Novice: 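Here it is, the structure, as structure tokens.
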Amino acid sequence: MILLRADYNVPIEYDATGDERILNDFRIRASLPTIRYLLEQGARKIVIISHLGRPNSVETLADLDELEKLPNGRRKFSLRPIFNRLYEVLAEEFGENVDDFKQHFLMNFHTTPIFPHTRYGTPIAEADDDYKIEMLENLRFSKAEKQNSVELAETLLQVTGADLFVQDGFGVVHRAHTSTDEITRKMPSVAGFLLEKEVSTIAHVFENPEKPFVAVMGGAKISDKLPMIEKFIERADSVIIGGAMANTFLAFHGAEIGQSKIERGQEEIIADIEAKAKRKFGANFREQFLLPADFGVAKEVAKTAERREMAISELQLDDYILDVGENFSNYTSQVIENAKTIVWNGTVGMAEFANFANGSAQVAAAISRATKNGAISIVGGGDTSAFAMNWAWENPDLAEFSLISTGGGAALELMSGNILPRLEALPDK
Ligand code: 3PG
């Protein structure tokens with residue numbers, strides 16, 4: 001009987017009635033190889049545990065009513081919709097219609113969250129039923145999950161009766177929580193395929209990258225990604241900067257960037273980053289530490305805003321930079337295409353607005369061309385992976401990435417050269 005930790009923390013939206021919509025089921029699909037393997041190896045039953053979001057949490061079963069409810073009376077952040085989606089993607093995986101699949105492949109969802117010291121009756125492993133997969137409710141409804149609690153780990157062991165723990169939630173291995181850390185001390189623990197693939201691909205790239213190695217960085221905050229930027233400067237042959245992060249660099253150099261978003265108070269950090277880039281790349285460091293000089297610009301930050309292309313010198317005081325410009329995209333696409341190793345973290349514009357997704361789409365396309373030519377490519381970070389995944393769905397013939405990581409913070413940690421302690425905790429990782 002297997003206890004499987006997945007990271008089913010998927011983006012989910014609730015409408016006014018409380019009905020939910022899963023915006024991207026990538027992490028659910030990414031867990032299928034491990035589930036399939038365990039079933040094929042004859043696992044009698046798999047109990048899946050995960051968290052979803054950052055819900056409020058309570059101490060005991062008696063406090064359950066304090067958990068947030070949706071207008072339809074259901075619990076907000078319940079894993080039930082994820083369970084339903086898992087049923088659908090498993091049916092698809094086994095090539096069956098979901099109703100037919102449900103007739104012979106039985107799955108069960110446990111609505112009662114698990115709290116330390118609570119007795120839950122017969123352990124799942126000993127129950128006389130034919131369920132192949134069972135899922136427990138969101139672990140984070142219990143305060144003890146984030147406290148890395150010995151008691152909660154013991155209760156999980158009692159509830160499930162599992163004899164093997166499989167950690168496959170790559171996105172969560174940077175957290176020291178009960179279901180990632182303490183649980184590994186309660187039973188033999190191994191890594192699943194997703195975790196194995198993500199860690200070995202990312203580690204390989206940083207230990208032994210084939211050259212030229214190009215890093216593409218975007219997103220808003222320099223401060224969040226500082227160790228990663230430093231790592232990229234140390235390892236990569238070119239670093240391409242886009243997104244609001246680039247605005248902060250440009251503002252530091254006194255450029256007029258209108259109303260564009262920047263991160264204040266980063267002067268010292270930027271001076272330090274650029275000094276490191278100069279040391280690494282030499283006097284012409286701007287050719288390898290690339291900042292945009294033309295942009296997709298608008299008069300407002302809105303989905304429907306009209307895009308204008310302009311050089312930095314043409315920007316007006318009431319303009320907002322919302323994307324990198326076409327010249328920059330064309331130039332950096334060539335740099336990316338000639339690379340043998342590419343890592344991408346952070347969209348280079350407001351990719352959630354169609355008019356300003358062009359720069360990020362061009363990055364995705366150039367990476368795909370390079371990958372088709374034999375390069376290794378990694379896309380990491382929550383928004384960037386979601387963007388690449390959607391772009392790949394829309395452009396199935398063009399898309400090719402070696403790895404679209406399911407990890408947000410965990411990928412960032414690994415790409416920054418940090419070890420993941422919860423991974424080290426797996427004896428047979
Ligand atoms: C993630 O989405 O990065 C992981 O699921 C971890 O979630 P957390 O940041 O809420 O711990």
Side-chain angles (χ1 to χ4, degrees), residues 4-14 20 22-31 34 48-58 67-68 75-79 81-83 85-86 113 135-149 152-153 166-184 191-192 194-195 197-199 202 218-221 223-225 227-228 344-347 352 378-390 403-416 418-423 425-426:
L4 172 64
R5 175 53 158 115
D7 183 1
Y8 287 162
N9 186 24
V10 297
I12 190 163
E13 210 174 62
Y14 301 95
E20 68 290 313
I22 295 172
L23 302 177
N24 182 329
D25 61 9
F26 174 39
R27 283 179 167 177
I28 304 176
R29 291 178 186 275
S31 70
T34 297
I48 302 181
I49 50 175
S50 178
H51 72 285
L52 173 62
R54 295 176 178 175
N56 55 13
S57 53
V58 294
L67 289 175
E68 194 177 352
R75 222 177 265 142
K76 189 169 182 187
F77 294 118
S78 168
L79 277 173
I82 313 296
F83 172 82
R85 180 61 64 89
L86 177 64
M135 191 186 287
L136 305 187
E137 183 52 292
N138 191 345
L139 292 172
R140 287 196 186 165
F141 286 149
S142 171
K143 246 193 186 86
E145 161 61 1
K146 283 176 134 182
Q147 295 165 342
N148 200 11
S149 143
L152 181 61
V166 179
Q167 171 59 277
D168 210 23
F170 172 66
V172 84
V173 283
H174 59 314
R175 302 277 181 234
H177 294 169
T178 307
S179 66
T180 59
D181 188 35
E182 192 53 44
I183 197 76
T184 62
L194 176 66
L195 181 60
K197 177 178 176 192
E198 299 238 17
V199 172
I202 297 175
K221 286 195 171 172
S223 53
D224 283 356
K225 296 188 177 173
M228 192 166 63
W344 180 21
N345 185 292
T347 53
E352 60 274 39
I378 298 177
V379 183
D383 293 347
T384 325
S385 291
F387 177 83
M389 203 21 101
N390 288 335
L403 176 75
I404 299 182
S405 175
T406 58
L412 208 87
E413 291 283 327
L414 213 55
M415 289 179 180
S416 307
N418 297 334
I419 59 153
L420 299 170
R422 262 39 70 190
L423 185 66
L426 298 175

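Order of listing sets the numbers, starting from 1, for every ligand and every atom in it. Computed from a prediction, not measured in an experiment: that's the story for all the values here.
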Novice: Does the side chain of Val172 reach to within under 4.5 Å of the side chain of Asn9, using non-hydrogen atoms?
Specialist: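 No - every pair of side-chain heavy atoms lies 4.5 Å or more apart.
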Novice: Mark up the atoms of ligand 1 that fall under 4.0 Å of a heavy atom belonging to Arg54, in ascending order.
Specialist: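 It comes down to these atoms of ligand 1: 8 (P), 9 (O), 10 (O).
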Novice: For ligand 1, which atoms sit closer than 4.0 Å to a heavy atom of Asp7?
Specialist: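 Under 4.0 Å from Asp7, ligand 1 has these atoms: 4 (C), 5 (O).
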Novice: Indicate whether any N or O donor in one side chain lies under 3.5 Å from an N or O acceptor in the other, for Glu137 and Ser78.
Specialist: yes
Novice: I need the minimum non-hydrogen distance between Ser405 and Gly380, along with the two atoms involved.
Specialist: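 Heavy atoms only, the tightest pair is CB-CA, 4.0 Å.
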Novice: Please work out whether any backbone atom (N, CA, C, O) or any side-chain heavy atom from C-beta onward of Arg27 is under 4.0 Å from ligand 1, and answer side chain, backbone, both or neither.
Specialist: side chain
Novice: When you measure from the centre of the six-membered ring of Phe141, is the NZ or CZ of Arg75 under 6.0 Å away and within 45° of the axis?
Specialist: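 Yes, Arg75 sits over the ring of Phe141.
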Novice: Is the shortest N/O to N/O distance between Arg175 and ligand 1 below 3.5 Å?
Specialist: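 Yes.
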Novice: Quick check: closest heavy atoms across Pro81 and Ile12, and the distance to 0.1 Å?
Specialist: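 That would be CG-CD1, 4.2 Å.
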Novice: So, is Arg140 polar-close to ligand 1, with some N/O to N/O distance under 3.5 Å?
Specialist: yes
